[in-house]
Number of protein chains: 2
Amino acid sequence: MKQTKIRNMEEFAAVSGISRPTVSKYFHDPDSVRASTRERIERALERYDYRPNIFAMNQNRKLTKNVGIVVPYLADPFFAEIARSIEQRCILAGYRPSLFSAHGQPSLENDILDGLRSLKPAGVLFAPLGRASDRAVIEKFCRDVPTVIFDSLLPDVGLALVGSDSAQFARLIVDYLSRTGEPPCFFEMKTPVNPNAYRRRQGYIDAMARLGEEPRIVQVAGEGWEFEEIGRREGIRALDEGRFATNTVLCSNDRLAIGFLAGCYERKLRVGHGPECQIRVAGQDDHPFSRFTCPPLTTIAQDYDAISSRAVDILFRAIEGAERTRETLLFEGRLVMRDSA
Amino acid sequence: MKQTKIRNMEEFAAVSGISRPTVSKYFHDPDSVRASTRERIERALERYDYRPNIFAMNQNRKLTKNVGIVVPYLADPFFAEIARSIEQRCILAGYRPSLFSAHGQPSLENDILDGLRSLKPAGVLFAPLGRASDRAVIEKFCRDVPTVIFDSLLPDVGLALVGSDSAQFARLIVDYLSRTGEPPCFFEMKTPVNPNAYRRRQGYIDAMARLGEEPRIVQVAGEGWEFEEIGRREGIRALDEGRFATNTVLCSNDRLAIGFLAGCYERKLRVGHGPECQIRVAGQDDHPFSRFTCPPLTTIAQDYDAISSRAVDILFRAIEGAERTRETLLFEGRLVMRDSA
DNA sequence: ATAAATTATTTACGCGCGGCAAGTTTGAAC
DNA sequence: GTTCAAACTTGCCGCGCGTAAATAATTTAT
């Protein structure tokens with residue numbers, strides 16, 4: 001690397017022997033210049049440590065390479081994982097992802113969308129808070145910025161909806177639980193933050209109906225995103241009140257199940273499918289921690305990879321011009337049998 | 001809000017009846033203009049939906065309002081939580097935080113620091129990967145950009161080091177465990193990713209020495225950031241090989257302990273301090289999930305709030321001009337007694 | 001070889017704002 | 001009413017790059 005400091009594209013163009021507009025074109029898309037030109041630029045790039053000023057670049061570009069990733073709650077390892085996956089894919093595709101978390105707060109979600117606007121993003125991958133989200137704000141945002149919605153599937157917004165097939169999840173786990181023991185009760189929050197929760201409840205009801213079983217839903221109080229604590233505290237309460245009609249509990253999601261397991265432990269209930277066990281517990285999501293609970297949690301694994309890869313794919317296709325009508329993509333889950341049920 | 005679209009600061013200055021340079025000054029710091037002027041601008045701000053072009057702003061500003069937050073592994077809820085806390089504080093202070101995770105990969109960490117440069121950040125709050133970090137890269141970065149290091153305290157870099165007092169952590173938990181039962185063995189990875197781990201080991205050795213006890217360190221194999229899996233798998237192996245000389249195990253951190261608890265469960269060991277229990281397990285960190293393990297994990301709570309608030313504080317003081325020598329701030333932990341020990 | 005198509009270069013301008021310097025107004029203290 | 005510093009205005013340049021149009025060079029096709 002030479003000592004001479006390159007201050008701007010002008011100087012870099014000079015040392016590479018190419019005109020500035022062509023160099024600019026190269027940085028926009030390296031394949032848009034002749035191979036010989038590209039080689040000369042890249043040779044200069046190796047000798048001099050130059051990179052375009054990103055602020056000057058984005059100032060006039062019609063379409064930036066910025067991509068926003070917005071999740072509702074980053075302290076949930078599920079979202080951390082999917083955000084990581086999406087982030088990597090964006091980088092591979094040559095974009096600049098920026099990660100944001102609403103931290104469970106609707107007002108923060110609005111602020112994020114608002115701030116995202118000034119980044120002039122080429123597109124956004126957005127998992128909304130859900131029920132608490134400000135529909136009007138999101139609708140307006142999606143009208144202005146190409147947005148793929150994932151996880152929390154708000155109807156009628158964005159380029160596409162990418163998530164999991166709640167009905168299939170429910171069939172899979174309800175069938176399994178019923179086949180191997182008593183049919184499950186469904187444990188959930190009365191007013192869940194996530195619209196998926198409603199689909200999961202309905203999925204449970206339908207799956208039970210298919211088996212000719214009466215649905216047994218146990219709804220508990222609790223607000224916010226501290227699912228584990230709600231699962232533990234309200235799970236204990238429900239256990240004490242004898243609200244579970246069978247010895248099998250299907251939790252609306254893994255975090256609730258993790259809390260519920262802690263509650264079972266506190267009440268000295270043996271959890272699992274062994275002969276000496278008193279209760280079976282299952283979750284949904286395959287949360288990163290669910291294999292380390294005691295006992296390890298039987299659950300339905302979301303297809304992280306498929307969701308992130310398709311969401312990113314759809315966004316970039318849309319950005320690169322392919323007009324398309326709004327589509328909804330639902331991926332199937334996989335039964336992960338562990339010891340809890 | 002009026003219909004007239006404001007295209008730039010010039011036009012906004014016109015409708016607010018203030019000159020553009022003064023408006024510019026206002027956006028840089030609202031308190032730097034006269035109260036009456038500020039009021040006129042803010043009235044216009046309510047009527048017209050204008051905000052400065054962030055790219056044009058940052059292009060020429062000597063000091064941007066950008067702040068980088070870099071953590072080693074965002075899928076760890078500990079880092080997600082502390083990142084959240086830091087992020088909020090930055091926003092409150094009027095800065096624009098950008099969050100990055102190295103996802104456990106040193107090359108990605110380097111890329112992040114590299115990319116951060118082009119954001120011209122006013123400052124960076126940085127929790128390095130630790131042992132795997134590229135010292136030379138980090139040193140160079142810290143020379144160019146005001147950086148406060150937290151969590152993973154790499155010596156001799158950055159404006160300041162903010163973290164936890166490992167020696168005090170060890171004294172607290174070792175004293176407690178020894179007072180209430182057998183003195184603890186220390187369970188850790190042989191080649192931990194985090195330099196804190198070395199300090200924790202040393203803290204354990206010193207704390208044992210103070211009590212006149214021989215240190216009993218159980219080191220296990222395992223690379224990377226999947227601590228829970230390492231704790232489970234290698235914990236089982238160590239148990240099977242009878243490597244724990246006492247019935248009490250202090251894990252280097254909570255994630256390892258969470259995995260170790262899963263291993264104990266698999267080996268049907270009763271964990272806790274009750275009379276019928278066979279083994280006691282403790283961790284360090286007060287990981288968000290540690291109160292939902294079975295049994296709930298006894299641990300030492302890191303002072304998240306103090307760490308994030310002081311780190312941010314130091315950074316902003318430094319940015320705003322107060323020259324200071326490098327300082328190291330270590331916060332004490334708090335013993336969190338739960339059922340596991 | 002020549003014509004036609006593609007790709008580079010030159011030239012010129014604009015983006016939206018920061019920042020400076022010189023002059024003007026404001027408002028509080030005397 | 002005067003004084004005077006602080007706050008404001010006017011005018012202008014620069015930042016680093018995008019982009020467009022016209023021209024020139026190169027490649028490909030005929």
Side-chain angles (χ1 to χ4, degrees), chain A residues 4-45 48-66 94 96 117-122, chain B residues 4-45 48-66 94 96 115 117-122 319:
Chain A
T4 342
K5 294 285 172 212
I6 304 292
R7 316 172 63 88
N8 53 37
M9 198 180 277
E10 192 84 49
E11 289 187 19
F12 178 74
V15 300
S16 63
I18 303 285
S19 74
R20 189 182 65 76
T22 303
V23 171
S24 168
K25 214 170 156 219
Y26 165 84
F27 279 112
H28 188 74
D29 176 9
D31 286 321
S32 67
V33 302
R34 203 167 21 218
S36 63
T37 309
R38 175 172 177 172
E39 210 170 315
R40 289 170 70 188
I41 293 176
E42 286 174 349
R43 258 208 303 278
L45 223 40
Y48 301 90
D49 171 37
Y50 166 76
R51 62 194 57 191
N53 180 309
I54 138 179
F55 299 112
M57 274 181 61
N58 288 328
Q59 178 166 19
N60 299 318
R61 245 219 259 278
K62 304 219 180 306
L63 214 55
T64 70
K65 288 279 188 180
N66 299 331
R96 284 181 64 80
R117 275 202 158 78
S118 45
L119 276 183
K120 293 200 270 181
Chain B
T4 339
K5 293 286 172 208
I6 303 291
R7 316 173 63 90
N8 53 37
M9 197 180 279
E10 192 85 47
E11 289 187 16
F12 177 74
V15 301
S16 63
I18 304 285
S19 74
R20 192 183 62 77
T22 303
V23 171
S24 169
K25 216 173 154 213
Y26 165 84
F27 279 112
H28 187 75
D29 176 7
D31 286 321
S32 67
V33 301
R34 202 161 27 212
S36 62
T37 308
R38 175 171 177 174
E39 210 170 317
R40 288 172 71 186
I41 293 176
E42 287 175 347
R43 257 207 304 277
L45 224 38
Y48 301 89
D49 172 37
Y50 166 77
R51 63 195 56 191
N53 179 309
I54 148 175
F55 300 113
M57 271 182 62
N58 288 327
Q59 179 167 19
N60 301 317
R61 246 220 261 275
K62 304 226 178 307
L63 214 54
T64 69
K65 286 281 188 178
N66 300 331
R96 284 186 123 268
R117 275 201 160 79
S118 45
L119 276 183
K120 295 200 271 180
I319 290 174

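This structure is a prediction, so every number in the text was calculated from the model and none was measured. Letters A, B, ... mirror the listed sequences (proteins, then strands); counts begin at 1.
Listed pair B:Tyr26 / C:dG18 fails the phosphate criterion, with no side-chain N or O lying under 4.0 Å from OP1 or OP2. Applying the 4.0 Å criterion to OP1 and OP2 of C:dC17, one finds that B:Ser24 has every side-chain N and O outside that range.
Judged by distance alone, with hydrogens and angles left aside, B:Glu10 brings no side-chain donor or acceptor close enough to the base of C:dG16 to form a pair under 3.5 Å. Checked by distance alone, B:Arg20 brings no side-chain donor or acceptor within 3.5 Å of a matching partner on the base of C:dG16.
Taken to the nearest 0.5 Å, the OG atom of B:Ser118 stands 10.0 Å off from the CE atom of A:Met57. Note that OG of B:Ser24 is 11.5 Å distant from CG of B:Asp29, once rounded to the nearest 0.5 Å.
Taking atom NZ of B:Lys120 as the reference point, atom C1' of C:dC17 lies 12 Å away to the nearest angstrom. Between A:Phe55 atom CZ and C:dG16 atom P the separation is 17 Å, expressed in whole Å. Distance, B:Asn53 CG to C:dC17 C1': 8 Å, rounded to whole Å. The separation between B:Glu11 atom CD and C:dC17 atom C1' is 14 Å, rounded to whole Å. In this structure, B:Lys5 atom NZ and C:dG16 atom P are separated by 15 Å, rounded to whole Å. Rounded to whole angstrom, the span from the CD1 atom of B:Ile18 across to the C1' atom of C:dT25 amounts to 12 Å. One interatomic measurement links the two molecules: CG of A:Asn8 to P of C:dC15, which rounds to 21 Å at whole-angstrom precision. Atom NZ in B:Lys65 sits about 15 Å away from atom C1' in C:dG18, given to the nearest Å.
Here B:Tyr50 pairs with B:Phe12, B:Phe27 under the ring-ring contact (aromatic ring centres under 6.0 Å, His included) rule; sequence neighbours left out. Listed by chain and residue number, A:Ser19 satisfy the side-chain hydrogen bond (donor to acceptor under 3.5 Å, both in side chains) test with A:Thr22 (two or more places apart in sequence, or in another chain). Residues that satisfy the salt bridge (charged side-chain N to carboxylate O under 4.0 Å, His left out) test with B:Asp31, not counting sequence neighbours, are B:Arg38. Taking the side-chain hydrogen bond (donor to acceptor under 3.5 Å, both in side chains) definition, one finds that B:Arg40 meets it with nothing, sequence neighbours left out. Legend: residues meeting side-chain hydrogen bond (donor to acceptor under 3.5 Å, both in side chains) with A:Arg51, ordered by chain and number and at least two apart, are B:Asp114. A search for salt bridge (charged side-chain N to carboxylate O under 4.0 Å, His left out) contacts involving B:Arg117 returns B:Asp144, not counting sequence neighbours.
Of the possible polar contacts, one joining the B:Lys120 side chain to the B:Gln59 backbone as a donor-acceptor pair under 3.5 Å is found.
Sequence neighbours left out, the pairs with a member in residues 9-27 of chain A that pass salt bridge (charged side-chain N to carboxylate O under 4.0 Å, His left out) are A:Glu10-A:Arg20.
In this structure, B:Thr22 and A:Ile54 both approach DNA chain D, and ranking their closest nucleotides by distance from the 5' end singles out B:Thr22. Residue order along DNA chain D, read from the 5' end via each residue's closest nucleotide, puts B:Ser19 first among A:Arg61 and B:Ser19. Residue-to-nucleotide proximity on DNA chain C shows that, of B:Asn60 and B:Pro21, the 5′-proximal contact is made by B:Asn60.
From the 5' end on, the contacts that DNA chain D makes with chain B at under 4.0 Å to a non-hydrogen atom open and close at D:dA7 to D:dG16.
Within the nucleic acid shown, A:Tyr50 comes within 4.0 Å of sugar-phosphate atoms alone, with no base atom in reach, counting heavy atoms only.
The stretch residues 28-39 of chain B has no heavy atom under 4.0 angstrom from DNA chain C at all.
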